[in-house]
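For reference, the structure discussed in these notes is given below.
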Amino acid sequence: MALNWTAASPTTGVFRYAVYASTDGGVTYNYFSTVALGTNTLSATGLLPSTTYDWRVHSLSEGALSASPASGTQATNAAATYTWSAAGG
């Protein structure tokens, strides 16, 4: 899943972004990753199939998270199903 956000402005004192994800409708957010300043995208991998993720991206400066994160919601696809059949003789 690709996440994209608008860069923090101003960037004074900001040195990276902290990305948090929720799978319970935004009740609880857990740390997912950090991204360097100047990079406004993240390829989120290892996600559960058929799951809706709520995302928050905070700018991070001197150990403090921004009070107003970028946020969004996106669902993953269902797991692939494969059917195998064998023919023998």
List for me each residue that meets side chain to side chain donor-acceptor pair (under 3.5 Å) alongside T28, sequence neighbours excluded, and say none if there are none.
-> D24
Is it true that Y29 and Y31 fall in one hydrophobic cluster, defined by side-chain heavy atoms closer than 4.5 Å?
-> yes
Partner residues of S9 under the side chain to side chain contact (heavy atoms under 4.5 Å, CB included) criterion, sequence neighbours left out | none
ILVMFWY clustering at 4.5 Å (side-chain atoms), partners of Y53 = M1, L3, W5, V14, Y17, V19, F32, V35, L37, L42, L47, L48, W55, V57
Enter the distance from S71:OG to Y20:OH here, rounded to the nearest 0.5 Å.
-> 15.0 Å
For G13 and S61, which heavy atoms make the closest approach, and how far apart are they?
-> O-CB, 2.8 Å
Can you name the side chain to side chain donor-acceptor pair (under 3.5 Å) partners of T73, sequence neighbours left out?
-> D54
Determine the minimum heavy-atom distance between A7 and N40, stating which atoms define it.
-> CB-ND2, 3.5 Å
Over all atoms of both residues, closest heavy-atom pair of Q74 and A2 = OE1-O, 3.8 Å
